[in-house]
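Some notes on the structure that comes next.
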Amino acid sequence: MLKIYNTLARDKQQFVPIEPDTVRMYVCGMTVYDYCHLGHARVMVVFDMVYRWFKASGYNVTYVRNITDIDDKIIRRAAENNESIHTLTQKFIDAMHEDADALGVQRPDHEPRATQFVPEMLQMIAKLEANGLAYQAADGDVNFAVRKFDGYGKLSGKSLEDLRAGERVEVASDKHDPLDFVLWKHARETEAEEVKWDSKWGKGRPGWHIECSAMGSKLLGDHFDIHGGGADLQFPHHENEIAQSEGAHQCQYVNYWMHNGFVRLDNEKMSKSLGNFFTIREVLKQYDPEVVRFFILRAHYRSPLNYSDAHLDDTKKALDRLYTALKGVSTEKGEGGRVKGVDWNEPYALRFKAAMDDDFNTPEALAVLFDLANEVNRSQSAESALQLKALGAVLGLLQREPTEFLQGGSVAQGSDDALIAAQIVARNEAKQAKNYAEADRIRKALLADGIVLEDSAAGTNWRRV
RNA sequence: GGUGCGUUAGCAAAUCGGUUAUGCCCUGGAUUGCAAAUCCAGUUAGCCCAGUUCGACUCUGGGACGCACCUCCA
């Protein structure tokens with residue numbers, strides 16, 4: 001029985017889908033004006049894990065992760081680069097896909113781009129206006145009237161009074177209420193035609209919040225199961241989505257709200273505005289992408305995750321242990337020669353499932369994998385090894401050839417394979433001649449290059465540190 | 001200022017009112033020419049104070065510290 005921590009309820013709740021055996025989930029994706037950083041990597045990996053677990057649990061899942069390809073930052077960046085919005089966003093969408101692919105993140109079923117759903121957004125704004133929840137201000141912007149929507153603040157646990165007391169920003173005077181937010185931004189003279197759409201309120205472009213509401217209901221319906229995103233989107237973005245969608249459709253918007261924790265650097269949230277971030281591609285120059293994925297899944301998705309080289313090094317060693325267990329045990333085929341999936345009746349799998357069903361407790365699920373690896377090491381059982389690999393697959397891990405991972409695991413530098421092989425031959429000749437000084441010299445020299453030799457009955461293997 | 005979350009061994013990180021988390025590091029043993037890998041055994045916990053309880057890391061109250069949101073942000 002799957003339980004999910006629902007931000008809306010501030011509690012773990014049993015997951016009951018709206019339609020039996022079906023999950024419809026929406027996750028706020030990226031605004032594509034720059035390369036993705038590790039914070040983005042965490043959202044992608046976490047919800048990829050969620051997506052995979054629902055599928056492994058037998059649900060039909062429709063997963064939508066949007067792309068914001070129109071907003072102030074994009075417009076500014078395009079102007080700086082002297083390129084079109086489309087050129088800029090396409091470049092970073094491509095880069096995002098490269099990064100996601102490297103991290104083993106499966107493509108969502110839909111990746112809607114905001115610019116392709118402007119008519120739906122306009123329809124929704126019209127509904128809100130008809131329902132008395134939106135108004136056009138003197139400056140031409142169409143705003144949402146926060147005061148008119150009962151229950152504003154139910155997701156973030158904030159009252160309008162609290163919010164008002166904490167106001168830190170000068171408010172545009174044309175709003176009826178300082179907390180009203182924009183649905184439709186009127187076009188500015190200086191802006192390119194590319195960022196202007198016609199509407200009954202005049203030329204303009206959509207506000208950020210309406211994008212997700214419109215794309216969500218278009219692709220998943222007015223009421224769907226799960227909505228996810230980073231914890232920083234809880235307020236105001238998700239709060240505003242609820243107000244818009246429920247205000248327009250007059251029904252519950254989302255049943256379960258899921259928010260992942262931040263990636264931190266030196267105990268501080270990694271973010272664009274603080275400038276303390278590493279892009280995914282920077283990190284992948286130094287670490288194997290599977291190590292990065294494993295690093296993210298080693299923490300519970302709601303916990304903070306501190307990034308440091310020491311932690312990544314630690315993670316690499318941990319993953320080495322799992323791949324080492326798989327090495328040398330045939331995992332190609334199960335009994336009777338068929339390719340085997342998870343045997344869900346087996347004790348380790350039951351523990352794994354219990355962990356995952358408990359609000360996607362991946363650290364606990366991974367602990368089960370380490371216990372299973374220990375079992376594989378002891379028994380050298382192909383069945384156990386297959387089970388380990390199959391459970392790894394559920395998390396998008398352990399699917400490579402162990403040797404390929406262990407020998408390329410940290411991003412390759414120095415010695416090439418042929419050279420290493422030659423050194424091993426030379427060392428084994430020295431060993432046969434009982435010239436251990438020479439054998440040890442060769443081993444030490446390789447170690448200096450990050451190559452560890454392992455002698456076994458079957459011969460000498462090597463791996464990278 | 002308001003609101004929310006967190007504080008577990010050297011580091012990272014889970015579970016749980018009473019029974020070995022797990023990974024890395026460390027110690028001893030087995031194995032090895034010596035190592036590495038592996039196996040076995042072991043060391044190191046629960047921010048502070050008070051309460052509830054036969055028993056609390058786990059529940060309650062108070063305090064300290066940290067982080068986040070209240071502005072664009074994954």
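Chain letters run A, B, ... following the sequence lines, proteins first, then strands; residues in each count from 1.
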Nearest whole angstrom, please: distance from the [atom2] of [N] to the [atom1] of [X].
X: A:L274; N: B:C72; atom1: CG; atom2: P; value: 15 Å
X: A:Y5; N: B:G4; atom1: OH; atom2: P; value: 11 Å
X: A:L372; N: B:A21; atom1: CG; atom2: P; value: 20 Å
X: A:F262; N: B:G6; atom1: CZ; atom2: C1'; value: 13 Å
X: A:R76; N: B:C72; atom1: CZ; atom2: C1'; value: 9 Å
X: A:H237; N: B:U71; atom1: NE2; atom2: C1'; value: 15 Å
X: A:Y348; N: B:U22; atom1: OH; atom2: P; value: 11 Å
X: A:Y323; N: B:G23; atom1: OH; atom2: P; value: 18 Å

For nucleotides [N] and [M], find the distance between their [atom1] atoms and express it as a whole number of Å.
N: B:G18; M: B:C24; atom1: P; result: 27 Å
N: B:U8; M: B:A13; atom1: C1'; result: 9 Å
N: B:C26; M: B:G10; atom1: P; result: 15 Å
N: B:A50; M: B:U38; atom1: C1'; result: 49 Å
N: B:A14; M: B:U22; atom1: P; result: 15 Å

Requested in this report: Mind checking side chain to side chain contact (heavy atoms under 4.5 Å, CB included) for A:R65 and listing every partner two or more places apart, or none if nothing turns up?
Outcome: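 Testing A:R65 for side chain to side chain contact (heavy atoms under 4.5 Å, CB included), a comparison that skips the adjacent residues, returns A:V27, A:M44, A:Y63, A:M96, A:V105, A:P108, A:E111.
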Requested in this report: Between B:C67, B:C24, B:C70, spot the one nearest the side chain of A:K317, thanks.
Outcome: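 My answer, after comparing the listed nucleotides, is B:C24.
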Query raised in the report: What nucleotide among B:G33, B:A68, B:G23 has an atom nearest to a side-chain atom of A:F370?
Result: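 Among the listed nucleotides, the one closest to the side chain of A:F370 is B:G23.
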Query raised in the report: Does the ring of A:Y436 meet both stacking tests against the six-membered base ring of B:G33: centre distance under 5.5 Å and plane angle under 30°?
Result: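 By the stated criterion, A:Y436 and B:G33 stack.
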Query raised in the report: Between the side chains of A:Y26 and A:E241, is a donor N or O closer than 3.5 angstrom to an acceptor N or O?
Result: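 The answer is no; no qualifying pair exists.
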Query raised in the report: Can the ring centres of A:F15 and A:F54 be said to be less than 6.0 Å apart?
Result: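 Centroid separation for A:F15 and A:F54: below 6.0 Å.
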Report task. Could you tell me if the ring centre of A:Y5 sits under 6.0 Å from that of A:Y256? Result ->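 No - the distance between ring centres of A:Y5 and A:Y256 does not fall below the 6.0 Å cut-off.
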Query raised in the report: Using a cut-off of 4.0 Å between protein heavy atoms and nucleotide atoms, how would you tag nucleotides 37-48 of chain B 5' to 3' with B, S and -?
Result: SSSS--------
Query raised in the report: Using a cut-off of 4.0 Å between protein heavy atoms and nucleotide atoms, how would you tag nucleotides 7-20 of chain B 5' to 3' with B, S and -?
Result: ----SSSSS-----
**Report entry** Which residue lies more 5' along RNA chain B, comparing A:R302 with A:H40 via nearest heavy atoms
**Finding:**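 The 5'-side residue here is A:R302.
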Query raised in the report: Taking the nucleotide of RNA chain B with the closest heavy atom to each, which residue, A:S273 or A:A318, is nearer the 5' end?
Result: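 Going by which nucleotide is closer to the 5' end, it is A:A318.
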Report task. Can you establish whether the number of heavy atoms outside A:K148 located under 6.0 Å from its atom NZ is more than 12? Result ->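 At most 12 heavy atoms, drawn from other residues, nucleotides or ligands, come within 6.0 Å of this atom.
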Report task. Report, as yes or no, whether the 6.0 Å neighbourhood of atom CD on A:E80 holds more than 12 heavy atoms from other residues, nucleotides or ligands. Result ->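 Yes, CD of A:E80 has more than 12 neighbouring heavy atoms, counting only those of other groups under 6.0 Å.
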Give the table of side-chain donor-acceptor pairs shorter than 3.5 Å for residues 275-283 of chain A, with sequence neighbours excluded, one pair per line with atom names and distance.
| residue | atom | partner | partner atom | Å |
| --- | --- | --- | --- | --- |
| A:N276 | OD1 | A:S271 | N | 3.0 |
| A:N276 | ND2 | A:K269 | O | 3.0 |
| A:T279 | OG1 | A:E282 | N | 3.1 |
| A:T279 | OG1 | A:E282 | OE1 | 3.2 |
| A:R281 | NE | A:D99 | OD1 | 3.4 |
| A:R281 | NH2 | A:A95 | O | 3.2 |
| A:R281 | NH2 | A:E98 | OE1 | 3.2 |
| A:R281 | NH2 | A:D99 | OD1 | 3.1 |
| A:E282 | OE1 | A:T279 | N | 2.7 |

Query raised in the report: Can you list the stems that include RNA chain B, where a stem is three or more consecutive Watson-Crick or G-U pairs with distances under 3.5 Å?
Result: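 The stems that RNA chain B takes part in, listed by first number, are B:1-7 with B:64-70, B:10-12 with B:22-24, B:26-30 with B:38-42, B:47-51 with B:59-63.
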Requested in this report: Using the side chain to side chain donor-acceptor pair (under 3.5 Å) rule, collect all pairs that involve residues 35-50 of chain A, keeping only residues at least two apart or in two chains.
Outcome: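 Listed once each, the pairs are A:D48-A:R52, A:D48-A:R293.
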**Report entry** Identified salt bridge (charged side-chain N to carboxylate O under 4.0 Å, His left out) partner of A:K12 from the options A:D359, A:D358, A:D357
**Finding:**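 With A:K12 as partner, A:D359, A:D358, A:D357 yield a single salt bridge (charged side-chain N to carboxylate O under 4.0 Å, His left out), made by A:D358.
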